[in-house]
Amino acid sequence: MTNNRAAITGIHAYVPDYILTNKKLETLVNTTDEWITTRTGIKERHILKRKGLGTSDMAVKAAEGLFKKTKANPDDIDIVICATVTPDMQFPATANIISDKLYLKNAFSFDINAACSGFIYGLTMASKFIEAGTYKKILVFGADKMSSIIDYTDRTTCIIFGDAAGVVLLEPTENGCGIMDSILRTDGSGRVYLHQKAGGSVKPASHETVNAREHFVYQEGKTVYKFAVSNMADISIEIMKKNKLTTDDIVWLVPHQANLRIIEATARRIGFNKNKVMINIQRYGNTTNGTIPLCLWEWEDKLKTGDNIILSTFGSGFTWGAIYLKWAYDTNDNPL
Ligand code: UT7
């Protein structure tokens, strides 16, 4: 082991141009802007409309922006990790496709499927490679084209999800900042409440599965809601206690953006004032693996070296977790 910590040294994200508003959804299913706004906080979401484009295309756009900003050399990238539930294809990994499209010559790459918690699972894994001194530059993507698995005749799910990709560059730092701690959890028995019924090895795609609309997101919202609030709050409290932090020590809570009411209830249960919570669900909806990087990207200008930040997620699986990190740079003064 080395004394290195792994720190986010750059972040970028991409959302497609097309905006699907609540008003438009009113024309597709039996819903109202008022219902969606009061029950979820969502006003609009971005959708990747152009045929033939997938998750990797959004990820590549995000990475191109990242390379431009950080001046990182693509040849120096050691690993590409893509957290996604909407891979371009069943195999090979979307991370491989991203690496190819970015002309990365020296990286190995793989995907992580931990649903909405995938990005922090990936960040945790990447940080261990860096702490061990084995690798120095890792791209971690959180990217999902949720519109590819959403049934736009199902009003209980189609109002929630959007498409987006975010990416961070993770590098060793010695300024005391970076990923300080992480706690990850899984409870596979929760899979019954949120999953995609067909298309896997148990129920491969067939005419029957397509006719039964089983290739879309299936969710029992109320149950998922309950577990999301308690698990995101409890794991955030656990990681703060473990690191002897109070809410006063934390500059930002970055919760997975699944529902504004879940975010607010989680913040209340932890004891966070809402003005310390990153919230942008109103403009993007739930972008699954994209939500956390999308928040950090939008708030990047406000983040200062040494800011204590808690990332907290909950998703299908069930999976959940929290990361405690110290932000490693001021936007106009990247130390690396
Ligand atoms: O990121 C992964 C984790 N996912 C989550 O964290 C999502 C967790 N769940 C939720 O966010 C919420 O449960 C939903 C937004 C999915 C649903 O909100 P809810 O307040 O739990 O509503 P509900 O399912 O209890 O439905 C209440 C009523 C029902 O009608 P009845 O049975 O009371 O007559 C639904 O049929 O609202 C109806 N409804 C709608 N009405 C208008 C459900 N969807 C809609 C809709 N427009 N889009």
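Everything numeric in this text was worked out from a predicted model, so none of it was measured. Atoms within each ligand, like the ligands themselves, are counted from 1 in listed order.
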Looking at [atom], tell me if a protein heavy atom falls under 4.0 Å from it.
atom	result
atom 9 (N) of ligand 1	yes
atom 1 (O) of ligand 1	yes
atom 13 (O) of ligand 1	yes
atom 29 (C) of ligand 1	no
atom 33 (O) of ligand 1	no

Should the pair [X]-[Y] be classified as a salt bridge under the 4.0 Å nitrogen-to-oxygen rule?
X	Y	value
Lys136	Glu171	no
Asp57	Arg50	no
Asp249	Lys244	no
Glu26	Lys23	yes
Lys128	Glu131	yes

Nearest-contact summary for [atom] - protein heavy atom, Å:
atom	value
atom 38 (C) of ligand 1	Arg155 NH2, 3.7 Å
atom 18 (O) of ligand 1	Arg261 NH2, 3.7 Å
atom 44 (N) of ligand 1	Trp35 CH2, 3.4 Å

Close approach, Asn286 and ligand 1, non-hydrogen under 4.0 angstrom
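Flag set, Asn286 near ligand 1.
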If you measure from each heavy atom of Ile160 to ligand 1, is any distance below 4.0 Å?
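Contact check Ile160 vs ligand 1: positive.
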Hey, which of Asp154, Thr156, Ile160 is the one that makes side chain to side chain contact (heavy atoms under 4.5 Å, CB included) with Gln219?
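Going through the options one by one, the only one that passes is Ile160.
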Is it the case that Lys203 and Thr209 place a side-chain donor and acceptor less than 3.5 Å from each other?
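Distance-only check fails for Lys203 and Thr209.
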Would you say the side chains of Thr55 and Thr86 form a donor-acceptor pair under 3.5 Å?
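Present: a donor and an acceptor within the cut-off.
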Closer than 4.0 Å to some heavy atom of [X] - which atoms of ligand 1 meet that?
X	result
Val224	3 (C), 4 (N), 5 (C), 6 (O)
Thr40	15 (C)
Lys222	13 (O), 21 (O), 25 (O)
Cys116	1 (O), 2 (C)
Arg39	19 (P), 20 (O), 22 (O), 27 (C)
Gly221	8 (C), 9 (N), 13 (O)
Ile159	48 (N)
Ala258	1 (O), 5 (C), 6 (O)

Who gets closest to atom 7 (C) of ligand 1 by heavy atom: Lys226, His256, Gln219?
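Residue with the shortest heavy-atom distance to the ligand atom: Gln219.
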Which option out of Thr31, Thr319, Asn22, Asp33 puts a heavy atom nearest to atom 47 (N) of ligand 1?
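Nearest heavy atom to atom 47 (N) of ligand 1 lies in Thr31.
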More than 12 heavy atoms of other residues, nucleotides or ligands under 6.0 Å from NZ of Lys276: yes or no?
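Counting neighbours around NZ of Lys276, more than 12 heavy atoms of other residues, nucleotides or ligands fall under 6.0 Å, so yes.
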Has Asp17 got more than 12 heavy atoms of other residues, nucleotides or ligands less than 6.0 Å from its CG?
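It does not: Asp17 CG has 12 such atoms or fewer within range.
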Check: [X] N/O within less than 3.5 Å of ligand 1 N/O:
X	answer
Gly315	no
Asn259	yes
Thr32	no

Near-ring test Tyr193/Tyr225, centroid separation under 6.0 angstrom:
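For Tyr225 and Tyr193, the ring centres are not under 6.0 Å apart.
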Flag the pair His256 / Phe314 as yes when their ring centroid distance falls below 6.0 Å, and as no otherwise.
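No - the distance between ring centres of His256 and Phe314 does not fall below the 6.0 Å cut-off.
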Rounded to the nearest 0.5 Å, what's the gap from CD1 on Ile183 to NZ on Lys242? Could you check?
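Result: 5.0 Å between the selected atoms.
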Given that the side chain starts at C-beta and the backbone is N, CA, C, O, which of these parts of Ile262 lies under 4.0 Å from ligand 1, counting heavy atoms, or is it both or neither?
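Side chain only; the backbone of Ile262 stays clear of ligand 1.
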Heavy-atom side-chain contact between Leu303 and Ile309 under 4.5 Å
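Sidechains of Ile309 and Leu303: in contact.
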